[in-house]
Amino acid sequence: MYIFLYPDTVYLYLSSSGSKISDRFLEMGYPLKVVFRAIEEHGENDEEAILNAILTYLALETLPGEDNHVTSDPHLSDSASTYIEDLSDMNSILESQGQNKYFETMNLLEDMGFSYDEAFAAINRCGCETPIDELVEFIDAANMAKADDLQGTTLYGKKQKLDRDERWTYSVKNMQLMIGFGVPNSGMKTVDREIPAAGKGPPYFYYENVAYTPKGVWENMSRFLYEIEPEFVDSMHFSAAARKRGYIHNLPIDGRFPLLPIPPFTIQEALPLTNKWWPKWDQRTKLNCILIRHGSAEDTKKIKEELDKSGPDPPEHVRKYVLEQCRRYNFVWVGKNKVAPLDPDEIEVIMGYSKYHTRGGGISTTARYQCLGNSFQVDTVAYHLSVLKKLFPNGIKVLSLFSGIGGAEVALHKLGIPLKFVVSVESSETCRNILQSWWEQSNQKGKLIHIFDVRDVTLGKLKELMDMTEGFDLVIGGSPCNNLAGRNRYTRDGLYGDQSSLFFDYFRILDLVKKITVYRAYA
DNA sequence: ACAAGTATGACGTTTAGC
DNA sequence: GCTAAACGTCATACTTGT
C-alpha cells in the first residue's frame with residue numbers, strides 16, 4: 001500500500017482483482033454518480049486509480065466553491081460525510097504508522113538490492129512496521145512462487161517490465177546523443193508518439209530532472225507519471241554548454257520549432273573575448289554542465305604557475321592537468337596562462353536568460369550562481385513547449401511548481417505565448433523576487449500568484465485556484481535533484497531523499513489538477 | 001561586540017560508454 | 001579496466017549591519 005498523507009487528501013494504492021468493478025464500488029457504499037465518473041475517467045481496469053478518483057471527487061463535494069451542484073443529491077451528501085469520518089480515522093492510523101517509516105523501509109530494502117516492485121509488494125502486504133528480515137523472507141517467498149509460475153501464463157510483472165523496456169528502446173538509443181524525440185537539424189522526422197491514456201491532457205504537463213540519477217529513478221518517476229517515456233536531451237544541442245536532462249511530458253512532439261535568434265553554439269562564439277588567450281591545445285568548444293558552485297581562485301592560480309613554469313609549449317602532463325581542471329570547473333581563458341570561472345552574467349546568457357536576469361532580487365553573487373545552476377536551459381525547454389503556441393494563441397494558464405528563477409515562464413514568454421495566469425510555487429525567497437522582478441520588467445499583462453510551499457497546495461487550495469483561473473492548461477516544473485545529482489558526495493540518497501522526494505508532490509499536485517479538471521468538466 | 005549573511009577551499013562515488 | 005562527467009555539501013573564515 002502506497003500512501004500520501006495531506007490535510008485533505010489521502011491516496012491509497014491497492015492491488016486486487018475481481019468481478020464487475022462498478023458493482024464492487026457501489027457495494028462499498030460509494031454513490032453511483034461518483035463511481036461512474038471515476039470509471040469514465042480511468043476505464044475499468046485500474047482499480048487504484050478509480051478509488052483515488054472516487055475519494056477525490058467526494059472530497060471536492062465537501063469544499064466550498066461555485067459548482068457544488070451535485071451536493072443536493074442526498075445520497076452523495078451522506079457518503080461525503082461518511083468519507084470525512086473515514087478520513088479522520090485514517091489520518092490517525094496513518095500518522096501513528098508514520099509516512100517516514102514507509103520511506104525508510106522502502107530505502108532499506110532497495111539498498112539491500114531488492115527492486116522497487118519487490119519492496120513495494122512486501123510493504124504493501126506486510127506493512128512497513130514489519131521487521132526487515134520478515135519482509136526479506138516475504139520477498140524471497142514471492143520470488144520462489146514467481147519462479148514456479150514461470151511455466152504458466154501469468155507473468156504480469158515481468159511482461160509489464162518487458163513492455164516498458166521495449167517502449168524505451170527508442171530513448172535508450174538516443175541516450176548516446178541525448179537528442180530525445182529530436183532536436184533542430186537532427187534530421188529526425190517527428191511523428192507523434194502514443195501517450196498512455198491516463199497521461200493524456202488536459203492539463204498538459206512537463207516534468208524535468210537530471211538525466212544521470214542513481215539506477216532505477218527514472219523508471220520509478222515514469223511509473224508515477226503515467227508510464228510516459230522520458231525524453232533525454234543534452235542542452236549542448238541548444239547552447240554552448242552541456243546539460244543532460246530528462247523530461248517527462250504529455251506534449252505533442254510534432255511541429256516543434258526553436259526559439260530565434262539561435263544562441264551561440266560554441267564557447268568561442270558565446271565568449272569571444274576569451275579567443276585571444278585560448279591555447280591551441282585546449283580543444284574544448286562546449287562547456288560542461290553549469291553547476292551551482294564555481295572553481296576556486298587557488299586552482300586558477302596553480303594553473304597559471306604551472307604554465308608560467310613550463311614556457312610557451314607545455315609538456316603533455318601539464319596540459320593534461322590543466323585540461324582536467326578546466327573541464328571540471330568550466331574555466332575559460334581570460335589572460336596569458338590565466339583561466340577564470342564564468343561570471344553570473346555569462347551564465348545567464350548561456351542558460352538562455354537575458355543578462356542580469358538574476359539581479360532582480362538584489363542578491364549576492366553566490367546566490368546567483370546557486371539559482372542559475374539549478375535552472376532550466378531556456379532554449380531547450382522552449383523547443384519542447386513551442387507546440388503550445390498554436391494550441392493557446394490567446395494565452396495560457398500555468399501552474400508552475402518549483403519555479404526557481406522562472407525558466408518556464410521565460411520560455412513561454414519568448415515563444416510569444418501570453419501568460420494569462422501563473423501560479424508559481426517556490427520556496428526560495430530570492431527566486432521569488434527574481435521571478436517577480438522579471439514579471440514586472442517584461443510588462444506581463446496576466447496575473448502572477450506566489451505560493452511558498454508545494455505542501456500548501458492541497459486539494460482545497462487547488463480547487464480554489466482553479467475556480468479562479470478556470471483551470472490550468474499546463475503544469476510545469478522540475479523537482480529538486482539534490483539527492484540524485486552526481487556531484488553530491490554526502491546525500492545522494494535517491495528519489496526518497498530529503499529534497500528529491502518532493503517529486504511526489506509534483507505527482508500529487510498534477511494528479512489532483514487532472515481530477516479537478518474532470519470534475520469541473522461535469523459542472 | 002555580536003549575529004546574520006556571504007565567500008571560499010576541500011571533499012568521493014556512481015553512472016555510462018568504450 | 002579505463003576515461004569522463006556530474007542542477008552538491010560541509011566547515012570555516014570573512015564581511016556587513018546593528
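Quick note on labels: first sequence line is chain A, next is B, and so on, each numbered from 1.
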Counting N and O atoms only, with roles assigned by atom type, does the side chain of A:Asn483 sit under 3.5 Å from a partner on the main chain of A:Asp493, one being a donor and the other an acceptor?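 No: the side chain of A:Asn483 does not pair with the backbone of A:Asp493.
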Both A:Ser479 and A:Glu324 contact DNA chain C. Taking the nearest nucleotide for each, which residue is further toward the 5' end?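 That would be A:Glu324.
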Rounded to the Å, how far apart are [X] [atom1] and [N] [atom2]?
X: A:Ile292; N: B:dT6; atom1: CD1; atom2: C1'; answer: 15 Å
X: A:Gln370; N: B:dT6; atom1: CD; atom2: P; answer: 12 Å
X: A:Phe232; N: B:dG17; atom1: CZ; atom2: C1'; answer: 16 Å
X: A:Asn482; N: B:dT13; atom1: CG; atom2: P; answer: 20 Å
X: A:Gln377; N: C:dA6; atom1: CD; atom2: C1'; answer: 17 Å
X: A:Glu298; N: C:dA13; atom1: CD; atom2: C1'; answer: 14 Å
X: A:Asp493; N: B:dT15; atom1: CG; atom2: P; answer: 12 Å
X: A:Arg328; N: B:dT13; atom1: CZ; atom2: C1'; answer: 12 Å

Within 45° of the six-membered ring axis of A:Tyr226 and under 6.0 Å from that ring's centre, is NZ or CZ of A:Lys514 located there?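 Geometry flag: set, cation within 6.0 Å and 45°.
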Looking at A:Glu305 and A:Lys302, is any side-chain nitrogen of the basic one under 4.0 Å from a carboxylate oxygen of the acidic one?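 No.
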Proximity to the side chain of [X] - top-ranked nucleotide from [options]:
X: A:Tyr212; options: C:dT9, C:dC7, B:dA16; answer: B:dA16
X: A:Thr365; options: C:dA5, C:dG8, B:dA7; answer: B:dA7
X: A:Arg489; options: B:dC11, B:dT8, B:dA16; answer: B:dC11
X: A:Thr366; options: B:dT6, C:dT9, B:dG9; answer: B:dT6
X: A:Ser364; options: C:dA6, B:dT6, B:dT8; answer: B:dT6
X: A:Glu208; options: B:dG9, C:dG8, C:dC7; answer: C:dC7
X: A:Lys215; options: C:dC7, B:dT15, B:dC11; answer: B:dT15
X: A:Ala485; options: B:dG9, C:dA4, C:dC7; answer: C:dC7
X: A:Arg327; options: C:dA5, C:dT9, B:dG9; answer: C:dA5

Spacing of the C1' atoms in B:dG17 and C:dC7 (rounded, Å):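 Their C1' atoms lie roughly 23 Å apart.
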Rounded to whole angstrom, note down the C1' distance from C:dA4 over to B:dG12.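 My reading of the C1' atoms in C:dA4 and B:dG12 gives 15 Å.
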Would you say the side chain of A:Gln499 and the base of C:dC7 hold a donor-acceptor pair, judged only by whether the two atoms sit under 3.5 Å apart?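 Answer no: no donor N or O sits under 3.5 Å from an acceptor.
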Looking at A:Arg487 and C:dC7, is any side-chain donor or acceptor paired with a base atom of the opposite kind under 3.5 Å?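 No pair found.
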Is the distance between the ring centroids of A:Phe224 and A:Phe504 less than 6.0 Å?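 Yes, the ring centres sit under 6.0 Å apart.
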Nearest heavy atom decides the nucleotide; on that basis, is A:Arg492 or A:Gly362 closer to the 5' end of DNA chain B?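 Counting from the 5' end, the first nearest nucleotide belongs to A:Gly362.
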Between A:Pro214 and A:Tyr329, who's closer to the 5' end of DNA chain B by nearest nucleotide?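 Nearest-nucleotide comparison on DNA chain B picks A:Tyr329.
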Identity of whatever pairs with C:dG1 - Watson-Crick or G-U, under 3.5 angstrom: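 Pairing partner, where one exists within any strand: B:dC18.
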Is there a Watson-Crick or G-U wobble partner for B:dG9 with both distances under 3.5 Å, and which nucleotide is it?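 Answer to the pairing question: C:dC10, which forms a Watson-Crick or G-U pair with B:dG9.
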Any base atoms under 4.0 Å from A:Cys289, or only sugar-phosphate, or nothing? Heavy atoms, all strands.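 Counting heavy atoms under 4.0 Å across all strands, the contact made by A:Cys289 is with sugar-phosphate only.
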Which part of the nucleic acid does A:Ala297 contact within heavy-atom distance under 4.0 Å: base, sugar-phosphate only, or nothing?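 Sugar-phosphate only.
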Could you tell me the separation between the CG atom of A:Leu412 and the CG atom of A:Leu474, rounded to the nearest 0.5 Å?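 Interatomic distance, A:Leu412 CG to A:Leu474 CG, rounded to 0.5 Å: 6.5 Å.
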Audit row: A:Cys289, A:Arg245, side chain to side chain contact (heavy atoms under 4.5 Å, CB included) steps and yes/no: CA-CA 10 Å; A:Cys289 187; A:Arg245 293 293 180 270; 3.9 Å; yes
Is there side-chain contact between A:Phe181 and A:Glu229, with at least one heavy-atom pair below 4.5 Å?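 Yes; the side chains approach each other to less than 4.5 Å.
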Please confirm whether the shortest side-chain N or O distance from A:Asn488 to OP1 or OP2 of B:dT13 is below 4.0 Å.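 For B:dT13, neither OP1 nor OP2 has a side-chain N or O of A:Asn488 closer than 4.0 Å.
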Under 4.0 Å: is that the gap between some side-chain N or O of A:Lys244 and OP1 or OP2 of C:dA5?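 Answer no for this pair, as no side-chain N or O of A:Lys244 is under 4.0 Å from OP1 or OP2.
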